[in-house]
Number of protein chains: 2
Amino acid sequence: MNGNGRSGGRPTLEEVAVRAGVGRGTVSRVINGSSKVSEQTKAAVEAAVTELGYVPNRAARALAANRNDAIALVIPEPEARFFAEPYFSEVVRGVGAALAETDIQLVLTLAGSDRERRRLAQYLSGHRVDGVLLVSVHAGDPLPELLAELGIPTVISGRRSAAETLPCVDSDNLAGAAEAVRHLLDRGRRTIATITGPLDVYGAHCRLDGYRQALAAAGRPVDERLVAVADFTEEGGRRAMRELLERNPALDAVFASSDVMAAGARRELRAAGRRIPQDVALVGFDDSVVARHMDPPLTSVRQPIEEMGRTMARMLLERVAGRRGSAANAGGPAVVLQNRLVVRESS
Amino acid sequence: MNGNGRSGGRPTLEEVAVRAGVGRGTVSRVINGSSKVSEQTKAAVEAAVTELGYVPNRAARALAANRNDAIALVIPEPEARFFAEPYFSEVVRGVGAALAETDIQLVLTLAGSDRERRRLAQYLSGHRVDGVLLVSVHAGDPLPELLAELGIPTVISGRRSAAETLPCVDSDNLAGAAEAVRHLLDRGRRTIATITGPLDVYGAHCRLDGYRQALAAAGRPVDERLVAVADFTEEGGRRAMRELLERNPALDAVFASSDVMAAGARRELRAAGRRIPQDVALVGFDDSVVARHMDPPLTSVRQPIEEMGRTMARMLLERVAGRRGSAANAGGPAVVLQNRLVVRESS
DNA sequence: ACACAGTGTGGGAGCGCTCCCACAGTAGTC
DNA sequence: GACTACTGTGGGAGCGCTCCCACACTGTGT
């Protein structure tokens, strides 16, 4: 009646200690794989742990040790739709894989509306996670700054500019785009147009640079009439394609900076009676579901998204571990992973 | 030097109490919106809270109150690919929306490999979450049972059978399929074939039943040669379509139980020189990206996935709240949401 | 013989809350 | 005017850990 009916409940550290005939401190040391414990005691403790089916209480541990054993993955909701559809799941998969070996929770946070973003800021101020993974941050986003102030380790995906200061993981957009264009050149295409994303998005900018560099490297002049800026949407891609066709009726290849825009372009090409790939070769970017199911299947640049997620998580964990030692967000190196061209029938 | 440098740290309940000139208990009551506190004191406490920027320490709260303020969303990884691509994100979005108003964390757990599943079981045994959301559980999955034993409230998506015992949220697969078939009948199609998913998957079974019932309701006999069983993959859809064409060269419509299978079917139809929709009308299920980007765009049955996620989360929260009162998983009602046919050019 | 640095180990203190008992104050009742 | 019945409120105890100081013990060097 005095609330001491604990014998039925989940075992505590103390109970393990009693069972193993040692002190609490020793059990704690064994559990945390820490220093100096004799083999013998260690074995005894481990036996007691398995016999009792002991699982440490996360809350107690967090409270005592002042950490959370949790990191947050922040998804900027509105963007999520833009991105090649599997993007989101692949990132999660990568992050999950990196976390699988650890005892760290993945807390998912959506930050779509302004209201949600405010809630998120408030949430983060509560220091409820040890670190934060930010997916596709905008140039003007105040979140990174807030996190820096709070001293919460952060890793972002995708550089916001060439001079990214935050630790981040990106794919080599420039090289990927260049490879796509080189591929078109290799196929004998002579007049290669490109449909870009909004140029204030750094990644889109890089892809355009890749296009330019590949042409330049092949000794081809870059004709600005072959460049159309769109907005990563299908309709935008379609409009851009229409423009390009008007300006350059003789074009025989198009590199679109996203599969979705490529899908729009494809529609316009069809409407204009151009065959793919016979009349016009088409290459996209993202290697999304759209690419695989397009007719004809779309050649596309594949980003190692899962690996990016894994790398981000690993970088973050390192930072979290080293947190106490030094500055949390000291300019970590940007890791840039390679893209790969997946060739299909559209080119 | 004695570690008492707390003045700079984050404020605690106690500090708020001092500031407001009240006791700890009172602050706790205000924070938790609980009973009997005079308006006056309440206001004083709230003022102190905002002045200090107080945010409750989640770990301390969890430890003291023996709860977690967190629920887990378990994603069976391998499946995730099967499902219409946006499925995953939409569920998350719905769950996130339902949780936005609360102070409850969403913990994401991937359970792909057997190893991961074991880890998950271990994780759950640790009672680290107050409730669990299970997405697309298999008939033989031991997880629901484990959770029941542990007394952890659970809600699943998609019934495992007609006699589902767990609280769950599902969409009306039968009605959705029936609507699709009725639509084809309305369009004047006479010979309507169907490509089904594996029939031991309850949802696939229901869709086939819907097909049958719609035909029966229209007074049409159901010809079993018009039914081909596939496996929810594109290649499977293609093979099934080939079979169907061989057996019924005169068919003029196909209802596929998933968009991906429809994509396969479309390819086979093209190869066979059938035009869509002139010669053969095609309808899919899921209304995924694939459907929107198909050529021609695919008519498809749309499941209210986001709403399903929202509903699941709400059901779970109710159960978590009522946990102490009674049995956690007492046969909750299955909520079945309506599907909607999205008509596009393929039919 | 002594001091001295190591190793392992036990256990007190305390993390920031919630729970709940005790108690002051106010009001209603015989 | 003493009794009971609230309504608010304060604060002790304790949730299950980690941290760290203290205390054996072992050796080694003088």
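Naming convention: chains lettered A, B, ... in sequence-line order (proteins, then strands); numbering from 1 in each chain.
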Inset, instruction - Check every atom of D:dC19, D:dG14, D:dG10 against the side chain of A:Ala65 and return the nucleotide holding the closest atom. - result: D:dC19
Inset, instruction - State whether A:Ser38 places a side-chain N or O below 4.0 Å from either non-bridging phosphate oxygen (OP1 or OP2) of C:dT9. - result: yes
Legend entry - Distance test, side-chain N/O of A:Thr41 to OP1/OP2 of C:dT9, below 4.0 Å: yes
Legend entry - Spacing of A:Lys42 atom NZ relative to C:dT7 atom C1', expressed in whole Å: 16 Å
Legend entry - Terminal helix-axis angle for the helix from C:dA1-D:dT30 to C:dT29-D:dA2, with five pairs defining each axis and rounding to 10 degrees: 60°
Inset, instruction - Kindly indicate whether the side chain of B:Leu150, heavy atoms from C-beta on, has any atom under 4.5 Å from the side chain of B:His127. - result: yes
Legend entry - B:Glu307 and B:Val169, any side-chain heavy atoms less than 4.5 Å apart: no
Legend entry - Separation of B:Thr109 OG1 from B:Arg128 CZ (nearest 0.5 Å): 11.5 Å
Legend entry - B:Arg67 CZ - C:dT18 C1' separation (whole Å): 8 Å
Inset, instruction - For B:Leu63 and D:dT18, give me the distance from atom CG to atom C1', rounded to whole Å. - result: 12 Å
Legend entry - All salt bridge (Lys or Arg N to Asp or Glu O under 4.0 Å) counterparts of B:Arg159, not counting sequence neighbours: B:Asp170
Filtered N/O pairs between nucleotides 20-25 of chain C and protein, under 3.5 Å:
| residue | atom | partner | partner atom | Å |
| --- | --- | --- | --- | --- |
| C:dC20 | N4 | B:Arg29 | NH2 | 3.4 |

Inset, instruction - Say whether B:Tyr123 and A:Gln105, considering side chains only, have a donor N or O and an acceptor N or O under 3.5 Å apart. - result: yes
Inset, instruction - Measure the distance from CD on A:Glu14 to C1' on C:dG11 and round it to the nearest whole Å. - result: 9 Å
Legend entry - Between D:dG12 (P) and B:Leu13 (CG): distance, integer Å: 15 Å
Inset, instruction - Give a yes/no answer on whether the side chain of A:Ser28 brings an N or O atom under 4.0 Å of OP1 or OP2 in D:dT18. - result: yes
Inset, instruction - Indicate whether OP1 or OP2 belonging to D:dT18 is found under 4.0 Å from a side-chain N or O atom of A:Asn32. - result: yes
Legend entry - Spacing of B:Thr154 atom OG1 and B:Leu147 atom CG [to the nearest 0.5 Å]: 4.0 Å
Legend entry - Selection from D:dC17, D:dC15, D:dG10 that lies nearest to any side-chain heavy atom of B:Thr26: D:dG10
Legend entry - 5' precedence on DNA chain C between B:Arg24 and A:Gln40 (nearest-nucleotide basis): A:Gln40
Inset, instruction - Indicate, with a heavy-atom threshold strictly under 4.0 Å, whether B:Arg61 touches base, sugar-phosphate, or nothing. - result: sugar-phosphate
Inset, instruction - Starting from P on D:dC15, measure out to CG on B:Asp69 and report it in whole angstrom. - result: 20 Å
Inset, instruction - Taking side chain to side chain contact (heavy atoms under 4.5 Å, CB included) as the test, write out the residues that go with B:Ser157, two or more places apart. - result: B:Tyr87, B:Val135, B:Met312
Inset, instruction - Please determine which of B:Leu120, B:Val129, B:Leu110 meets the side-chain contact (heavy atoms from CB on, under 4.5 Å) test together with B:Val74. - result: B:Leu120
Legend entry - Any donor-acceptor pair under 3.5 Å from B:Asn68 side chain to B:Ala70 backbone: no
Inset, instruction - Just grab all the side-chain hydrogen bond (donor to acceptor under 3.5 Å, both in side chains) pairs involving residues 141-151 of chain A, residues at least two apart or on different chains. - result: A:Arg117-A:Asp141
Inset, instruction - Starting at CD of A:Glu46, measure out to CD of A:Glu39 and round the result to the nearest 0.5 Å. - result: 8.5 Å
Inset, instruction - Rounded to the nearest angstrom, tell me the gap between atom CG in A:Asn68 and atom P in C:dC15. - result: 17 Å
Legend entry - Contact list for DNA chain D against residues 47-58 of chain B - heavy-atom distance below 4.0 Å: none
Inset, instruction - Provide, to the nearest angstrom, the distance between the CD atom belonging to B:Glu15 and the C1' atom belonging to C:dG16. - result: 10 Å
Inset, instruction - Might you point out which heavy atoms bring A:Leu337 and A:Pro304 nearest each other, and give the distance in Å? - result: CB-CG, 3.8 Å
